[in-house]
Participant: 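To start, I am sharing the structure in question, which I have written as structure tokens.
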Protein chains: 2
Amino acid sequence: MNPLAIPEIVIKRLPLYLRTLRLLGDEGQAVTSSQDIGDRLGISATQVRKDLSYFGEFGKQGTGYDIQYLQQQLREILKIDRRWKLVLIGAGDLGRAVLRYTGFEEGGFSIVAVLDKDERKIGKQMGRLKVADIARLPEVLREHGVQIAIIAVPASNAKEVADALVKAGVKAILSYAPVSLSLPSHVHVQHIDPVLGLQSMTYYLDPGQG
Amino acid sequence: MNPLAIPEIVIKRLPLYLRTLRLLGDEGQAVTSSQDIGDRLGISATQVRKDLSYFGEFGKQGTGYDIQYLQQQLREILKIDRRWKLVLIGAGDLGRAVLRYTGFEEGGFSIVAVLDKDERKIGKQMGRLKVADIARLPEVLREHGVQIAIIAVPASNAKEVADALVKAGVKAILSYAPVSLSLPSHVHVQHIDPVLGLQSMTYYLDPGQG
DNA sequence: TAGATTGTTAATCGATTAACAATC
DNA sequence: TAGATTGTTAATCGATTAACAATC
């Protein structure tokens with residue numbers, strides 16, 4: 001019915017294409033093919049072409065894709081042709097690691113505030129930011145015009161924090177807490193849990209050797 | 001053909017079921033249902049039952065599943081009814097955060113060594129471990145009987161490190177480096193890249209508000 | 001017994017892939 | 001022109017779900 005409804009699984013592959021294009025560009029190439037992109041990601045050339053075709057025609061028959069051009073197009077599609085501001089909730093070890101990680105900045109995201117509910121942490125300097133009281137969440141979001149939050153608090157607090165974020169108007173959440181958050185459907189959630197990945201790989205391992 | 005070939009997507013959901021069961025147990029429940037598990041994960045009860053049915057019959061009609069029993073069964077299926085040893089490659093900020101993160105220990109994994117190639121880091125104490133020279137990788141793996149590695153080095157070094165790991169006999173890799181690793185099919189790889197999750201969520205956001 | 005819930009089959013749905021005309 | 005590669009259709013494949021008998 002809705003010609004604009006693109007499968008979510010396709011949307012999730014676009015950042016992979018973008019990352020691959022960046023690597024290809026770094027290697028000095030100017031042009032690439034669906035075959036080349038697919039090979040590097042372990043997916044088929046057909047799938048790459050099919051995915052891109054949801055958004056338009058970006059290639060040239062017989063030649064392939066201009067790397068810079070396709071990168072720019074994908075950035076626009078994903079709306080990362082601009083910088084997004086984030087707030088980080090949780091000033092513990094995990095929060096500190098998130099703040100230090102340079103990948104967010106490089107990927108187009110800027111952490112503009114760190115908030116915590118622990119009075120002993122509030123006011124402390126963390127990198128270039130000062131930890132703010134989580135009670136100030138609504139005004140911090142408003143001040144900076146932030147729609148995205150990272151949750152880096154213990155599992156036991158994650159639901160409470162997520163509810164507060166939604167109430168304050170956050171539209172997208174990246175959560176490091178190992179719990180499923182059931183939130184209104186208009187709020188987007190991504191989970192990061194490295195342990196889940198390990199726990200599915202052990203299924204395939206031979207314990208005798210470990 | 002092969003009755004043992006269970007879809008990978010099913011295997012990947014088992015750790016989620018396990019996590020949900022742990023949370024339910026913590027809440028004091030003794031018995032649960034496929035409906036209850038599904039609700040908490042945002043998937044259908046039918047899918048939960050279907051997934052479990054690949055491995056046996058764990059429930060009781062009219063009653064549901066004994067939480068402790070099902071947990072134990074899933075742990076055995078995933079082979080996490082034992083402790084697995086890991087080596088961590090990369091003693092930078094990211095490596096430090098990984099080492100500090102308690103989720104690995106809680107999930108059944110112990111980091112037994114940290115290795116790096118930077119001479120300035122080798123020999124330094126990091127938490128309870130001393131950073132070892134990556135050149136010692138083969139003997140470290142042999143000594144501890146390790147099959148799993150975590151890659152926490154910059155993207156530019158990840159391929160080289162992954163190849164060395166495979167050569168030294170590692171069978172499973174959890175990589176934090178934002179590059180696709182093309183490795184032999186007998187080596188299992190999971191990637192952690194928080195930026196990919198953010199970059200797919202922005203597609204759905206309204207930039208006007210941010 | 002009545003109600004609840006499992007395990008499983010068959011139907012449906014959606015994603016991937018094979019094939020190929022178009023065209024650079 | 002010949003070769004390469006795109007964009008797209010139709011076929012295939014695989015995953016999810018609806019339905020229900022079995023049974024606690």
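The chains referred to below are lettered A, B, ... by the order of the sequence lines, with proteins before strands, and numbering in each begins at 1. What's counted below: heavy atoms across the whole structure, side chains too, no hydrogens, waters or symmetry copies.
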Participant: Give the rounded distance in Å between these two atoms: OH of Y65(A) and C1' of dT23(C).
Facilitator: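 Rounded to the whole Å, the gap is 14 Å.
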Participant: Taking the side chain as everything from C-beta on, heavy atoms only, tell me whether E160(B) gets closer than 4.5 Å to K117(B).
Facilitator: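 SC-SC contact between E160(B) and K117(B) confirmed.
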Participant: Rounded to the nearest angstrom, tell me the gap between atom CD in Q61(A) and atom P in dC24(C).
Facilitator: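 For the pair Q61(A) CD and dC24(C) P, the rounded distance is 6 Å.
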Participant: Rounded to the Å, how far apart are K50(B) NZ and dT9(C) P?
Facilitator: 8 Å
Participant: Is a donor on one side and an acceptor on the other found under 3.5 Å between the side chain of K171(B) and the backbone of G169(B)?
Facilitator: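 It does hold such a pair.
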Participant: On the six-membered ring of F109(B), is K85(B) placed so that its NZ or CZ lies under 6.0 angstrom from the centre and within 45° of the ring axis?
Facilitator: no
Participant: Indicate yes or no for a side-chain donor-acceptor contact from R83(B) to the backbone of E105(B) under 3.5 Å, with no hydrogens or angles considered.
Facilitator: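 A pair under 3.5 Å: yes.
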Participant: List the atom of V146(B), the atom of I148(B), and the distance in Å for their closest heavy-atom pair.
Facilitator: CG1-O, 3.2 Å
Participant: H188(A) vs Y204(B) aromatic rings, parallel, tilted or perpendicular, using cut-offs 30° and 60°?
Facilitator: parallel
Participant: On DNA chain C, compare the nucleotides closest to G56(B) and G62(A); which residue's is nearer the 5' end?
Facilitator: G56(B)
Participant: Kindly point out which of dA15(C), dT6(C), dT16(D) is positioned nearest to the side chain of S33(B)?
Facilitator: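 The nucleotide sitting nearest to the side chain is dT6(C).
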Participant: Please determine if a side-chain N or O atom of R49(A) lies less than 4.0 Å away from the OP1 or OP2 oxygen of dA22(C).
Facilitator: no
Participant: What pattern of brackets, bars and dots sums up DNA chain D from 5' to 3', given Watson-Crick or G-U wobble pairs under 3.5 Å, [ ] for crossing pairs and | for another strand?
Facilitator: ..||||||||||||||||||||||
Participant: Taking the side chain of S34(A) as heavy atoms from C-beta outward, which of dT6(D), dT17(D), dC24(D) is closest to it?
Facilitator: dT6(D)
Participant: Classify the nucleic acid contact of L52(B) as base, sugar-phosphate or nothing, counting any heavy atom under 4.0 Å across all strands shown.
Facilitator: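 Touches nothing.
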Participant: Rounded to whole angstrom units, what separation is found between the CG atom of D39(A) and the C1' atom of dT5(D)?
Facilitator: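 Atom-to-atom, D39(A) to dT5(D), this comes out as 14 Å.
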Participant: Determine the contact category for T46(A): base if any of its heavy atoms lies under 4.0 Å from a base atom, sugar-phosphate if only primed atoms, P, OP1 or OP2 are that close, otherwise nothing.
Facilitator: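 Base, at least one base atom sits under 4.0 Å.
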Participant: For T63(A) and dC24(C), is the shortest distance between a side-chain N/O and OP1 or OP2 below 4.0 Å?
Facilitator: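 No, T63(A) has no side-chain N/O under 4.0 Å of OP1/OP2 on dC24(C).
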Participant: Whole Å only: how far is the CD atom of Q47(A) from the P atom of dC13(D)?
Facilitator: 16 Å
Participant: Without decimals, in angstroms, what is the distance between R13(A) CZ and dG14(C) C1'?
Facilitator: 12 Å
Participant: Taking CG from L70(B) and C1' from dG7(C), how many angstroms apart are they, rounded to a whole number?
Facilitator: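 From L70(B) CG to dG7(C) C1': 14 Å.
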Participant: Using modelled atom types and a 3.5 Å cut-off, is there a donor and acceptor pairing between side-chain atoms of T202(A) and backbone atoms of L78(B)?
Facilitator: yes
Participant: Round to the nearest Å and state the distance from D51(B) atom CG to dT8(C) atom C1'.
Facilitator: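 Distance, rounded to whole Å: 13 Å.
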Participant: Of the listed nucleotides (dA22(C), dG7(C), dG7(D)), which one gets closest to any side-chain atom of E57(B)?
Facilitator: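 It is dG7(C).
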Participant: Considering only dA15(C), dA15(D), dT6(D), which nucleotide approaches the side chain of I9(A) most closely?
Facilitator: dA15(C)
